[in-house]
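So the structure is just underneath, and the comments pick up after that.
In what follows, chains carry the letters A, B, and so on, assigned in the order in which the sequence lines appear, proteins first and then strands, with residues in each chain numbered from 1.
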There are 2 protein chains.
Amino acid sequence: MSSASGPTDFPRPDLLPERLAEWISGEIVAGRFPPGERLVEHALSKRCNVSRVPLREALRIVAAQGLLILEPHRGAVVTPLSESELRELFDLRMAIEGFAAASAARQQPAAAFAALRRMNADLDELIQAEDYERYYALAAEFHDALVAAAQNGLLVETYNRVKIRFRRYQAVLANIPHLPPRSVAEHTRILAAMEAGDADGARALVEAHIRDLVDAYGQSDAGRRFFDQAS
Amino acid sequence: MSSASGPTDFPRPDLLPERLAEWISGEIVAGRFPPGERLVEHALSKRCNVSRVPLREALRIVAAQGLLILEPHRGAVVTPLSESELRELFDLRMAIEGFAAASAARQQPAAAFAALRRMNADLDELIQAEDYERYYALAAEFHDALVAAAQNGLLVETYNRVKIRFRRYQAVLANIPHLPPRSVAEHTRILAAMEAGDADGARALVEAHIRDLVDAYGQSDAGRRFFDQAS
DNA sequence: AATTTAATATTGTTAGACAATTAGTCAATT
DNA sequence: AATTGACTAATTGTCTAACAATATTAAATT
């Protein structure tokens with residue numbers, strides 16, 4: 001009877017605010033702390049067997065990630081989801097991943113290109129096997145590796161910030177099984193452009209690739225339902 | 001004798017960790033907390049007339065901005081400056097401002113374009129008047145407005161994070177008086193491309209514009225000195 | 001001089017307290 | 001009945017004081 005979605009317990013103290021923040025962040029991304037929920041310090045600190053001091057620091061960390069809003073004298077509220085934020089997140093993915101592809105096309109990092117090729121081959125196999133769960137996990141890694149290929153730590157850091165916020169929408173919208181085959185073909189073209197040193201072409205292809213993701217989300221059932229209720 | 005660069009006092013309590021963070025952040029950007037300096041909690045809290053609790057939260061905020069590194073059991077250390085970070089910051093500016101220009105070229109926000117044109121005209125006048133101080137202030141606003149023209153709050157937020165870290169290098173490297181006239185001409189071309197709806201052209205021009213800034217920094221005396229000592 | 005040992009300082013956390021602010025309750029008034 | 005208003009409870013924000021764990025520094029020893 002008790003539903004399977006009740007909040008998880010905080011694993012175990014080796015008590016750092018960082019660990020608390022990771023846990024809180026995870027609960028929010030997974031939707032167990034739903035949008036709009038207030039996190040009350042005393043209750044949370046008791047549940048985690050910590051005092052309010054490190055918990056408050058943890059809340060600061062999570063707020064800096066954009067998952068919480070700290071209102072004066074009102075405490076921490078889980079940031080709401082919105083179609084506009086999702087649009088902006090996709091925009092940022094275009095800016096970051098597009099720039100990364102162009103940058104990599106200029107730098108020609110051989111090892112990174114090889115890794116990307118291998119990943120894309122594995123993605124193709126996962127489609128044949130219809131193993132969509134692992135497909136989406138590896139697809140995320142492919143995009144990570146694309147950003148990493150630009151060899152810019154700050155760009156990676158920025159991308160990670162976007163990713164954390166983006167994952168909340170993935171959790172709500174689930175994945176779209178029709179998309180993968182097309183994605184692999186697009187990855188192939190992106191890689192070809194990068195290896196050919198065509199920075200502008202690679203960027204355009206990456207932006208188009210992400211635009212395809214946007215469309216797929218918008219056309220999926222979950223996506224339409226979410227977008228409708230939000231408006 | 002006593003140099004003019006001794007740390008300033010914390011203005012006045014209306015004590016929020018946010019105020020403390022703003023102050024600390026300002027001291028770091030201005031170089032009064034120099035790179036590598038350790039911020040000791042007890043001493044700082046006494047100087048600001050606050051307890052360690054809100055101070056520690058302030059340190060978390062500043063650390064999230066990338067200006068401090070919190071090492072376990074060793075406390076807060078002011079993030080060092082490096083040529084590599086500066087390069088990465090310029091890269092991010094290219095990615096963000098370039099994307100913003102392309103995005104604005106597609107959206108055609110009339111008000112934003114008008115504001116940009118006005119600013120650029122004012123910049124031209126400030127050159128004639130050889131008022132470089134105000135020139136650099138307004139030039140920064142021009143770039144802010146360019147990013148804002150993309151109408152994406154997250155992009156602005158991301159840009160602001162880059163700006164905070166970038167300002168530390170501006171404080172060290174000072175400004176380059178030879179650059180401005182060329183910049184105004186480049187702004188004009190960027191605006192023309194945006195208003196013509198030429199997204200790719202606008203982005204290319206913005207990237208080239210920022211690359212010019214990079215070169216100017218590298219060729220300035222202060223820049224060479226900084227880069228030499230760093231390597 | 002180099003290494004080990006002891007003393008000191010600093011961080012990380014806890015507990016309990018309190019003022020300031022907000023949220024919730026319930027009666028009085030319109 | 002609904003709205004207002006005062007009262008109460010709950011929550012945040014801050015402080016002090018303390019302590020264990022870890023780092024840093026100084027002294028002592030080899």
Side-chain angles (χ1 to χ4, degrees), chain A residues 7 9-28 32-80, chain B residues 7 9-28 32-80:
Chain A
D9 282 352
F10 177 60
R12 274 272 42 215
D14 192 355
L15 303 305
L16 299 314
E18 274 82 358
R19 301 264 173 286
L20 278 166
E22 243 171 88
W23 175 73
I24 293 167
S25 180
E27 296 295 293
I28 293 173
R32 285 187 290 268
F33 289 153
E37 176 143 317
R38 276 187 64 181
L39 303 189
V40 177
E41 295 178 6
H42 185 69
L44 251 192
S45 68
K46 243 181 47 179
R47 193 138 92 67
C48 299
N49 287 314
V50 288
S51 75
R52 286 173 62 208
V53 175
L55 176 62
R56 283 175 63 88
E57 293 181 23
L59 295 177
R60 290 276 177 195
I61 295 172
V62 180
Q65 295 174 333
L67 303 184
L68 285 177
I69 298 167
L70 303 184
E71 285 170 303
H73 291 280
R74 297 199 49 217
V77 178
V78 179
T79 306
Chain B
D9 281 353
F10 177 59
R12 275 265 43 215
D14 195 359
L15 301 306
L16 299 310
E18 274 83 0
R19 300 265 172 286
L20 277 167
E22 242 172 86
W23 175 72
I24 294 169
S25 180
E27 295 296 294
I28 293 174
R32 283 186 291 268
F33 289 153
E37 177 143 316
R38 274 187 66 180
L39 303 189
V40 177
E41 294 177 6
H42 185 68
L44 251 191
S45 68
K46 241 179 51 178
R47 195 138 92 66
C48 298
N49 289 314
V50 289
S51 76
R52 287 172 63 208
V53 175
L55 176 62
R56 283 175 63 88
E57 292 181 23
L59 295 178
R60 291 276 176 197
I61 295 172
V62 181
Q65 294 173 333
L67 303 184
L68 284 178
I69 298 167
L70 303 183
E71 285 169 302
H73 290 280
R74 296 200 49 215
V77 178
V78 178
T79 307

Side-chain donor/acceptor contact of Arg52(A) with base of dG13(D) under 3.5 Å: yes

Just the rounded figure in Å: distance from [atom2] of [N] to [atom1] of [X].
X        : N       : atom1 : atom2 : result
Leu55(A) : dT14(C) : CG    : C1'   : 13 Å
Lys46(B) : dC15(D) : NZ    : P     : 15 Å
Glu71(B) : dG12(C) : CD    : P     : 11 Å

Hey, can you pull the residues of residues 56-70 of chain B with a non-hydrogen atom under 4.0 angstrom from DNA chain C? Arg56(B)

Measure across [X] and [Y] and return the closest heavy-atom pair with its distance rounded to 0.1 Å.
X        : Y        : value
Ala76(B) : Leu70(B) : CB-CD2, 3.5 Å
Ala58(B) : Pro17(B) : CB-O, 3.5 Å
Ala21(A) : Ile61(A) : CB-CG2, 3.7 Å

Of all residues at least two apart in sequence or in a different chain, which pass the salt bridge (charged side-chain N to carboxylate O under 4.0 Å, His left out) check with Arg38(B)?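 Counting only residues at least two positions away or on another chain, Arg38(B) forms no salt bridge (charged side-chain N to carboxylate O under 4.0 Å, His left out).
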
Can you list the steps and then say if Glu18(A) with Arg60(B) is a salt bridge (Lys or Arg N to Asp or Glu O under 4.0 Å)? CA-CA 11 Å; Glu18(A) 274 82 358; Arg60(B) 291 276 176 197; 2.8 Å; yes

Per-nucleotide protein contact string for nucleotides 5-10 of chain C (B base, S sugar-phosphate only, - none; heavy atom under 4.0 Å): -----S

Please round to the nearest 0.5 Å and tell me the distance separating atom CG of Leu55(B) and atom CD of Glu57(B).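 Going from the CG atom of Leu55(B) to the CD atom of Glu57(B) covers 9.5 Å.
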
Between Pro72(B) and Leu16(A), is there a side-chain heavy-atom distance shorter than 4.5 Å?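 The answer is no, as the side chains (C-beta and beyond) never meet within the 4.5 Å cut-off.
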
In the structure I gave you, are the side-chain heavy atoms of Ile24(B) and Glu27(B) within less than 4.5 Å of one another anywhere? no

